[in-house]
Amino acid sequence: MMAADRTVHGVPPSLSAKVVGSFAYLTVRDRMPTILTRVIDTIHRNKNKFFEEYGEEGIQAEKQTISLLSKMRNELLTDKPLLELTDSLQDTESWNQYLQRQQKQQGDQDSVSWFKSPWLYVECYMYRRVQEALWLNPPISDYDVFNEGKTQSFFESQQAMMTLCTYVEGLNKNMEGLSKNQLLEHFNKLLQVSLWGNKCDLSISAGQDNSQKTSPIDSLDSLQPFILVNDSNRVWSALISPQRPGQSKETALVRVDIVLDNSGFELFTDLVLADFLVSSRLAHEIHFHGKSFPWFVSDVTANDFQWTIRQTTAANHKWMSKSGVQWMSHLKDGAWSYHDHPFWTQPHEFCDMEADAPDLYATLQGADLVLFKGDLNYRKLTGDREWDHTASFHTALRGFGPAPLCSLRTLKANVQVGLQPGQGERLGSQDPEWMTSGKYAVVQFDNAKSEQKD
């Protein structure tokens with residue numbers, strides 16, 4: 001039996017657009033069609049480029065891709081049943097099986113459709129259908145419809161990036177002389193810079209400018225009250241304690257995996273944090289996990305990852321350029337590595353990973369700490385369900401725990417667990433949009449092994 005067929009007593013239902021006026025409903029009704037319109041517009045604006053590169057074939061591909069995307073947009077707006085994929089890619093069969101599972105779960109009285117099915121599923125499905133429309137129309141199959149926005153976001157955040165690199169340069173000069181407490185202080189700062197970097201999300205702003213323009217380090221004190229759960233000390237403990245049996249603290253080689261979210265400024269902050277972890281010898285190896293195709297407007301692909309490092313190296317700013325050179329050397333000497341896996345661009349909750357992507361689960365088990373960036377990862381960690389705010393993060397993970405893990409997330413969807421009694425109600429009365437505005441954040445840690453001991 002596949003993982004998603006399991007039903008667990010006491011597990012709340014998935015968020016969906018069934019509830020008129022809910023954030024899920026407004027996303028499916030308004031934000032998702034807006035994103036599709038922008039995708040169609042981007043492809044149309046680039047038709048001359050396609051013609052120059054591929055001739056008449058490029059123009060035909062542009063027309064046919066737009067036709068498929070317009071058809072999907074209409075299906076979405078009129079709540080039509082979801083269709084099986086037809087593009088015979090590596091993950092096509094897995095997606096079609098998932099659709100069949102959903103149909104089985106919903107029963108025969110209702111089709112699996114845009115407004116009636118889990119929001120997490122239909123939103124992921126939309127991005128996969130965008131990919132299908134491109135793949136079915138070579139020669140533009142590899143075109144990244146979101147590239148322009150990602151590039152713009154990077155360049156518009158350059159001032160903040162320069163400030164960050166200047167801070168890092170000062171830090172690196174004094175790294176050898178730092179006490180453990182000073183290391184902890186800098187670790188917390190850069191962890192929080194990476195946390196707040198997650199505000200820069202183009203899928204939430206439907207592709208509008210969402211770059212970082214203020215100094216990231218100077219903003220931290222004023223942002224502190226908006227961190228609703230802060231498990232930074234537990235993250236630090238996971239880093240400095242040897243995790244694997246038979247290793248002393250002196251011989252422990254620590255590996256940190258970072259499951260990336262957005263490119264642009266957020267990726268930049270992740271790279272700065274990863275550089276600090278290696279330079280301070282808190283970690284010896286960083287594995288970055290990105291998406292295998294363009295996803296959720298601004299998510300990191302292999303191209304975005306490499307491009308960001310090249311652009312940083314080529315920057316007309318001494319310390320920024322120096323950072324880029326340092327990052328290149330981490331990749332060359334194997335301290336850093338980039339990986340992708342089809343599972344990251346599928347609709348599964350992460351508690352399905354062990355059954356549905358055992359190879360990826362086994363890979364994550366090799367880490368001493370896994371950092372999950374951003375809102376979509378949080379939704380997948382918690383199953384995007386209607387959890388009570390006081391339900392524990394550990395409970396919401398439903399057994400997912402390949403390694404000690406931490407979610408660094410600014411809130412952009414109405415699921416949040418691990419709060420104190422009354423905390424969610426107080427926030428709701430002060431700010432009705434507290435769960436979706438990106439104004440609040442969490443640093444939530446879980447170690448399945450220590451939870452079992454407790």
Run the side-chain donor-acceptor check on residues 417-425: report pairs under 3.5 Å with partners two or more places apart or on a different chain.
residue, atom, partner, partner atom, Å
Gln423, OE1, Gln420, N, 2.9
Gln423, NE2, Leu228, O, 3.2

Taking it one step at a time, do Thr37 and Ile35 satisfy side-chain contact (heavy atoms from CB on, under 4.5 Å)?
CA-CA 5 Å; Thr37 301; Ile35 287 167; over 6 Å; no

When you check the side-chain N and O atoms of [X] and [Y], is any donor under 3.5 Å from an acceptor?
X: His339; Y: Asp257; result: no
X: Asp91; Y: Trp95; result: yes
X: Thr345; Y: Arg128; result: no
X: Asp388; Y: Thr390; result: yes
X: Asp304; Y: Thr301; result: yes

What pair of heavy atoms forms the shortest contact from [X] to [Y], and how long is it?
X: Gln103; Y: Val112; value: OE1-N, 3.3 Å
X: Asn262; Y: Glu266; value: ND2-OE1, 2.7 Å
X: Pro118; Y: Gln102; value: CD-OE1, 3.5 Å
X: Gly374; Y: Asp261; value: CA-OD2, 3.4 Å
X: Val254; Y: Leu239; value: CG2-O, 3.9 Å
X: Tyr440; Y: Leu427; value: CE2-CD2, 3.7 Å

[X] side-chain N/O to [Y] backbone N/O, donor-acceptor pair under 3.5 Å:
X: Ser222; Y: Ser219; result: yes
X: Asp110; Y: Gln106; result: no
X: Ser321; Y: His317; result: no
X: Ser22; Y: Lys18; result: no
X: Gln182; Y: Ser179; result: yes
X: Ser194; Y: Leu190; result: no

Got a sec: does the [atom1] of [X] have more than 12 other heavy atoms crowding it under 6.0 Å?
X: Glu185; atom1: CD; result: yes
X: Gln430; atom1: CD; result: yes
X: Asp221; atom1: CG; result: no

Quick one: [atom1] on [X] to [atom2] on [Y], what's the gap to the nearest 0.5 Å?
X: Asp275; Y: Ser323; atom1: CG; atom2: OG; result: 6.5 Å
X: Arg129; Y: Leu82; atom1: CZ; atom2: CG; result: 8.0 Å
X: Trp119; Y: Met32; atom1: CH2; atom2: CE; result: 9.5 Å
X: Thr163; Y: Met320; atom1: OG1; atom2: CE; result: 10.5 Å
X: Met353; Y: Leu381; atom1: CE; atom2: CG; result: 8.5 Å
X: Asp218; Y: Tyr167; atom1: CG; atom2: OH; result: 11.0 Å

If we only count heavy atoms from C-beta on, is the [X] to [Y] side-chain gap below 4.5 Å?
X: Met72; Y: Met126; value: yes
X: Thr410; Y: Asp375; value: no
X: Arg31; Y: Phe23; value: yes
X: Leu220; Y: Val193; value: yes
X: Val442; Y: Phe393; value: no
X: Glu386; Y: Leu15; value: yes
X: Tyr98; Y: Tyr125; value: no
X: Phe146; Y: Ser263; value: no

Is it the case that the ring center of [Y] lies less than 6.0 angstrom away from the ring center of [X]?
X: Phe265; Y: Phe154; answer: no
X: Phe268; Y: Trp327; answer: yes
X: Phe288; Y: Tyr338; answer: no

Please work out whether the ring planes of [X] and [Y] are parallel, tilted or perpendicular, with thresholds of 30° and 60°.
X: Phe187; Y: Trp236; result: tilted
X: Phe343; Y: His348; result: tilted
X: His330; Y: Trp336; result: tilted

Under a 4.0 Å threshold between the charged nitrogen and the carboxylate oxygen, would [Y] count as salt-bridged to [X]?
X: Arg29; Y: Asp79; result: no
X: Asp431; Y: Arg426; result: no
X: Arg379; Y: Asp384; result: yes
X: Lys150; Y: Asp299; result: no
X: Arg38; Y: Glu148; result: no
X: Asp368; Y: Arg255; result: no
X: Arg234; Y: Asp446; result: no

Step by step, work out the side-chain contact (heavy atoms from CB on, under 4.5 Å) result for Asp144 and Asn303.
CA-CA 10 Å; Asp144 182 350; Asn303 281 343; over 6 Å; no

Show the numbers, then the answer: is there a ring pair (Phe, Tyr, Trp, His ring centres under 6.0 Å) between Trp434 and His389?
CA-CA 13 Å; Trp434 68 278; His389 297 319; 5.2 Å; yes

Looking at Trp295, Phe293, Phe350, which hits ring-ring contact (aromatic ring centres under 6.0 Å, His included) with Trp344?
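Between Trp344 and the candidates, ring-ring contact (aromatic ring centres under 6.0 Å, His included) is satisfied uniquely by Phe350.
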
Begin from the C-alpha positions of Glu349 and Arg385 and carry the test salt bridge (charged side-chain N to carboxylate O under 4.0 Å, His left out) through to its verdict.
CA-CA 10 Å; Glu349 304 173 41; Arg385 295 176 177 277; 2.7 Å; yes

Sequence-distant partners of Ser280, side chain to side chain contact (heavy atoms under 4.5 Å, CB included), two or more places apart
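Testing Ser280 for side chain to side chain contact (heavy atoms under 4.5 Å, CB included), a comparison that skips the adjacent residues, returns Met175, Leu183, Phe276, Leu282.
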
Between Thr395 and Ser392, is the side-chain hydrogen bond (donor to acceptor under 3.5 Å, both in side chains) condition met? List the steps.
CA-CA 5 Å; Thr395 299; Ser392 73; 2.7 Å; yes

Please name all residues satisfying side-chain hydrogen bond (donor to acceptor under 3.5 Å, both in side chains) with Gln444, sequence neighbours left out, ordered by chain then number.
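Here the qualifying residues are Tyr378, Gln416.
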
